[in-house]
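Predicted, not measured: the structure shown is a model, and the values here were computed from it. Chain letters run A, B, ... following the sequence lines, proteins first and then strands; every chain starts at 1.
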Amino acid sequence: MRLTVSTWNINSVRLRIDLVRRFLDEAKPDVLCLQETKCPDDRFPLKELQGFGYPHVVFAGQKGYNGVAILSRLPLVTREVMSFCERQDARHISAVLGPEAGAAAGIALHDFYVPAGGDVPDATLNDKFAHKLSFMDELRAWGGRRPSGPAILVGDLNVAPLEHDVWSHKQLLDVVSHTPIETERLETLRGEAGWVDTMRHLRPPPEKIFTWWSYRSPDWAAADKGRRLDHIWVTPDLADTVKAVTVARHTRAWEKPSDHVPVTVELEL
DNA sequence: ATGGTTGTAAGACAA
């Protein structure tokens, strides 16, 4: 069977619910993981999203900031929310594809929203950067003790790890999201736990791949000053099942877009 | 070096 999983930092699920519908209608993924829903749980548009053909939904939100959700055509079991850095931030949610999901049954889905880290890349001067590094340290520790079994980790990791993940490696070396301390930390925690970076597995450097373009760039498409902040990783047992990875760049040109675009992986199980 | 835009939610704050 074919399993498709998408990830998208939606930057407010209520404001952009029509864009969610539009993307689901055209891409038809089996699973869509959202970040930055910016929505407390009692205001989450559950019924509306289920009406788009995704009856199985888990979500964890808070007022104003953060927030994650997983929408699925296939049954989900074992909803879990992990907390990081002793905060109540809604930055992770996970679920497992249920027994009815055929060859995909038992695959764990982990949806992450790593802290952006503020503007100053110095943990002694900037609490938000310190928080980001601590979050990655806890992610590393979790990766080392995670139960074995097939899993897909997606989300806005807010780090562009490789040189060709940004429009200018040299000009971004001191910019939060591409500093060596972040890129090395992300690559280390990924490698230690054995996660396979599916986008680079199929599309290795030197191809440039971006998933985010700042709102502050007046002509984002022409300038193309993007970064690859959104990721889909799989456990090694799934690496050979990865058949395609798609970046829905065109959605950045939609009216009132998110600053991130969806990324989709296709697995042949 | 600075400022550029957006969302939440009602003035900052986060990104």
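- For the pair A/Tyr113 OH and B/dA14 P, the interatomic distance rounds to 11 Å; values are reported in whole Å.
- A distance of about 23 Å separates the P atoms of B/dG11 and B/dT5, rounded to the whole Å.
- Using a 4.0 Å heavy-atom cutoff across all strands shown, A/Arg252 reaches no nucleic acid atom at all.
- Toward the 5' end of DNA chain B, the nearer of the two residues A/Leu15 and A/Asn66, judged by each one's closest nucleotide, is A/Leu15.
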Evaluate the criterion side chain to side chain donor-acceptor pair (under 3.5 Å) for residue pair A/Glu182 and A/Ser177; output intermediate values, then yes/no.
CA-CA 7 Å; A/Glu182 296 166 84; A/Ser177 75; 5.6 Å; no
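- Atom pair A/Phe135:CZ and B/dA14:P shows a separation of 17 Å (rounding to whole Å applied).
- Annotation: A/Asp122, atom CG; neighbour count of heavy atoms from other residues, nucleotides and ligands within 6.0 Å is above 12.
- Of the residues in residues 154-171 of chain A, not one comes within less than 4.0 Å of DNA chain B through any heavy atom.
- Checking A/Arg91 against A/Thr37, the closest nucleotide of DNA chain B that is more toward the 5' end is the one next to A/Thr37.
- Using P as the reference atom, B/dG7 and B/dG3 are 22 Å apart when rounded to the nearest Å.
- For A/Lys128, the side-chain atoms get nearest to B/dA14 when compared with the rest of B/dT6, B/dA14, B/dG4.
- Annotation: ring-ring contact (aromatic ring centres under 6.0 Å, His included) contacts involving residues 123-146 of chain A, sequence neighbours excluded, comprise A/Phe84-A/Phe135, A/His110-A/Trp142, A/Phe112-A/Trp142.
- For A/Glu26, the CD atom counts as densely surrounded, since its 6.0 Å shell holds more than 12 non-hydrogen atoms of other residues, nucleotides or ligands.
- Only one option out of A/Lys208, A/Arg203, A/Arg200 pairs with A/Asp165 in a salt bridge (Lys or Arg N to Asp or Glu O under 4.0 Å); it is A/Arg200.
- Atom NZ of A/Lys225 and atom P of B/dG4 are 15 Å apart (whole Å).
- Atom CG in A/Asp119 sits about 14 Å away from atom P in B/dA1, given to the nearest Å.
- To the nearest whole angstrom, the two P atoms, one in B/dA14 and one in B/dA10, are 15 Å apart.
- Rounded to the nearest Å, the gap between the P atom of B/dT6 and that of B/dT2 is 23 Å.
- Phosphate proximity of B/dA14 to A/Lys63: absent, as no side-chain N or O sits under 4.0 Å from OP1 or OP2.
- Distance alone, capped at 3.5 Å, places no donor-acceptor pair between the A/Asp224 side chain and the A/Trp167 backbone.
- What separates CG of A/Leu19 from C1' of B/dT6 is a distance of 14 Å, to the nearest Å.
- Of the possible donor and acceptor atoms, none in the side chain of A/Thr241 sits under 3.5 Å from a partner among the backbone N and O of A/Leu267.
- Taking atom P in both B/dT8 and B/dG4, the straight-line distance is 22 Å, to the nearest Å.
- Rounding to whole angstrom units, CD1 of residue A/Ile17 and P of B/dT8 are separated by 12 Å.
- Phosphate proximity of B/dT2 to A/Arg216: absent, as no side-chain N or O sits under 4.0 Å from OP1 or OP2.
- Distances were taken from every side-chain heavy atom of A/Arg14 (C-beta onward) to each of B/dA15, B/dT5, B/dA9; the shortest belongs to B/dA9.
- Rounded to a whole Å, the NE2 atom of A/His131 is 12 Å from the P atom of B/dA14.
- Taking atom CG of residue A/Asp259 and atom C1' of nucleotide B/dT6, one finds them 8 Å apart after rounding to whole Å.
- Atom CZ of A/Arg140 is surrounded by 12 or fewer heavy atoms from other residues, nucleotides or ligands within 6.0 Å.
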